[in-house]
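Shown next, in structure tokens, is the structure this report addresses.
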Amino acid sequence: MNHYILADNQDITREGLISLLKTINPDAVIVVVGSCEELLKALNLHPESVVVLDYTLFNFSSTDHLLNMVAGAEESSWLLFSDELNEIFLRRVLLSDETISVVMKYNSRENIIKALENAANYETYLCDTAESIVHNKTPFLTPHDNLTATEKIILREIALGKMTKEIAWEKSLSFHTVNTHRRNIFRKIGVNNVHEASKYALRAGLIDMMDYYI
């Protein structure tokens with residue numbers, strides 16, 4: 001498959017992907033879209049495409065919105081490419097459609113190339129983070145509690161699959177304020193990413209098992 005649709009509104013990442021695709025596939029035809037509406041139009045014009053999507057930076061209204069679009073584009077191949085994909089979101093997506101691939105922006109260049117090549121060949125690629133979410137279960141533990149009441153609320157929202165911009169809008173806070181809370185939470189509980197933060201929220205009882213395994 002030589003046709004790619006880049007659905008990523010982060011300029012530097014998008015330019016890097018274009019350069020990488022041109023390196024591994026000189027014949028690649030690349031279309032850049034900036035919204036769900038543009039993505040749908042591009043899929044109608046080029047149904048056999050690899051869609052490289054940063055869900056966190058796109059205007060999907062919900063996880064169901066994404067899954068419905070994937071289901072309606074049966075000839076396409078989808079690769080989620082982000083630096084912030086919540087564990088519950090990933091579990092929901094990957095258990096709903098086993099053909100969706102996942103690679104993180106912090107993964108190595110070799111991993112990202114492999115993910116792009118697999119997607120072009122209709123082969124699923126899951127990075128280590130996605131693999132662990134699909135196959136591993138998290139035991140319930142009680143960690144030490146050093147978060148403020150506000151930080152617990154923000155952490156619960158993060159663990160329930162909400163992105164920073166969604167939390168800011170729902171809580172009537174600025175993006176900067178929520179992002180600051182997020183950094184402080186990660187520092188206090190000693191984690192580096194959303195995947196680990198979600199595990200902490202489960203262990204702390206901020207979300208229950210039913211929420212976690214949706």
Separation of D128 CG from H195 NE2 (nearest 0.5 Å): 9.5 Å
Between S101 (side chain only) and L79 (backbone N and O only), is there a donor and an acceptor less than 3.5 Å apart? no
Tell me whether K105 forms a cation-pi arrangement with F81, defined as NZ or CZ under 6.0 Å from the six-membered ring centre and within 45 degrees of its axis. yes
Flag side-chain contact, heavy atom, 4.5 Å: I113 against T23: no
Measure the shortest side-chain to side-chain distance between I167 and I154 over non-hydrogen atoms and say whether it is less than 4.5 angstrom. yes
Beyond-backbone contact of N193 with Y106, side-chain heavy atoms, under 4.5 angstrom: yes
Which atom names give the shortest non-hydrogen contact between E166 and M163, and what distance separates them? OE1-N, 2.8 Å
Taking every heavy atom of L94 against every heavy atom of I100, the minimum-distance pair comes out as CD2-O, 3.7 Å
Do any N or O atoms from the side chain of K22 and from the backbone of D27 form a donor-acceptor pair under 3.5 angstrom? no
Examine distances only and state if a side-chain atom of N68 and a backbone atom of D64 form a donor-acceptor pair shorter than 3.5 Å. yes
Side chains of N111 and Y125 in contact at under 4.5 Å (non-hydrogen atoms): yes
If you round to the nearest 0.5 Å, how far is CZ of F89 from CG of L160? 14.5 Å
Once rounded to the nearest 0.5 Å, what's the spacing between atom CZ of R183 and atom NZ of K188? 13.5 Å
Donor-acceptor contact present, side-chain Y4 to main-chain A120, <3.5 Å: no
Ignoring hydrogens and angles, write down the donor-acceptor pairs under 3.5 Å from the side chains of residues 39-47, residues two or more places apart or on other chains.
residue : atom : partner : partner atom : Å
N44     : ND2  : L40     : O            : 3.3
H46     : ND1  : H3      : NE2          : 3.3

Go through the steps to decide whether I24 and L116 satisfy the test side-chain contact (heavy atoms from CB on, under 4.5 Å), and finish with yes or no. CA-CA 9 Å; I24 64 177; L116 290 167; 4.1 Å; yes
For the student: nearest non-hydrogen atoms of A119 and S77, plus distance: O-OG, 2.8 Å
Over 60° means perpendicular and under 30° means parallel, so tell me whether F60 and H65 are parallel, tilted or perpendicular. perpendicular
Do V178 and K171 touch side chain to side chain, with heavy atoms closer than 4.5 Å? no
Expected output: side-chain E196 to main-chain N192 donor-acceptor under 3.5 Å: yes
N2 and N25: side-chain donor and acceptor closer than 3.5 Å? yes
Among L155, T150, I153, which residue satisfies the side chain to side chain contact (heavy atoms under 4.5 Å, CB included) criterion with H181? T150
Same cluster or not: F186 versus F175, using hydrophobic residues (I, L, V, M, F, W, Y) connected whenever any side-chain heavy atoms lie under 4.5 Å apart? no
Go through the side-chain N and O atoms of T180 and T177 and say whether any donor and acceptor fall under 3.5 Å apart. no
How about D54 and S82: does a side-chain donor come under 3.5 Å of a side-chain acceptor? yes
Rounded to the nearest 0.5 angstrom, the CG-CG distance for N184 and L147 is 10.0 Å
Are I30 and L17 grouped together when hydrophobic residues (ILVMFWY) are joined by side-chain heavy atoms under 4.5 angstrom apart? yes
In Å and rounded to the nearest 0.5 Å, what is the CD1 to CZ distance from I158 to R182? 5.5 Å
Quick one: are F58 and L66 in side-chain contact, heavy atoms under 4.5 Å? no
Between E151 and T148 (side chain of the first, backbone of the second, donor and acceptor by atom type, cut-off under 3.5 Å), is there such a pair? yes
Give a yes or no on whether the backbone of T129 and the side-chain of S132 come within a donor-acceptor separation of less than 3.5 Å. yes
Which heavy atom of L53 sits nearest a heavy atom of W78, and at what distance? CD2-CZ3, 4.2 Å
So do L20 and I18 actually touch side chain to side chain, heavy atoms under 4.5 Å? no
Following the transitive rule for hydrophobic clusters with a side-chain heavy-atom cut-off under 4.5 Å over Ile, Leu, Val, Met, Phe, Trp and Tyr, establish whether I5 and L67 coincide in one cluster. yes
What's the verdict on side-chain contact (heavy atoms from CB on, under 4.5 Å) for D8 and V52, showing C-alpha distance, side-chain angles and the deciding distance? CA-CA 7 Å; D8 188 328; V52 184; over 6 Å; no
When you measure from the side chain of N121 to the backbone of E117, do you find a donor-acceptor pair of N or O atoms at a distance under 3.5 Å? yes
Minimum-distance pair of heavy atoms, taken over all atoms of C36 and M69: O-CE, 3.9 Å
Do you know which of T124, N107, V93, L80 makes side chain to side chain contact (heavy atoms under 4.5 Å, CB included) with V102? L80
Atom pair CZ (R92) and CG (D97), whose distance is rounded to the nearest 0.5 Å: 12.0 Å
Closest non-hydrogen contact found for E37 with N59 is OE1-ND2, 3.4 Å
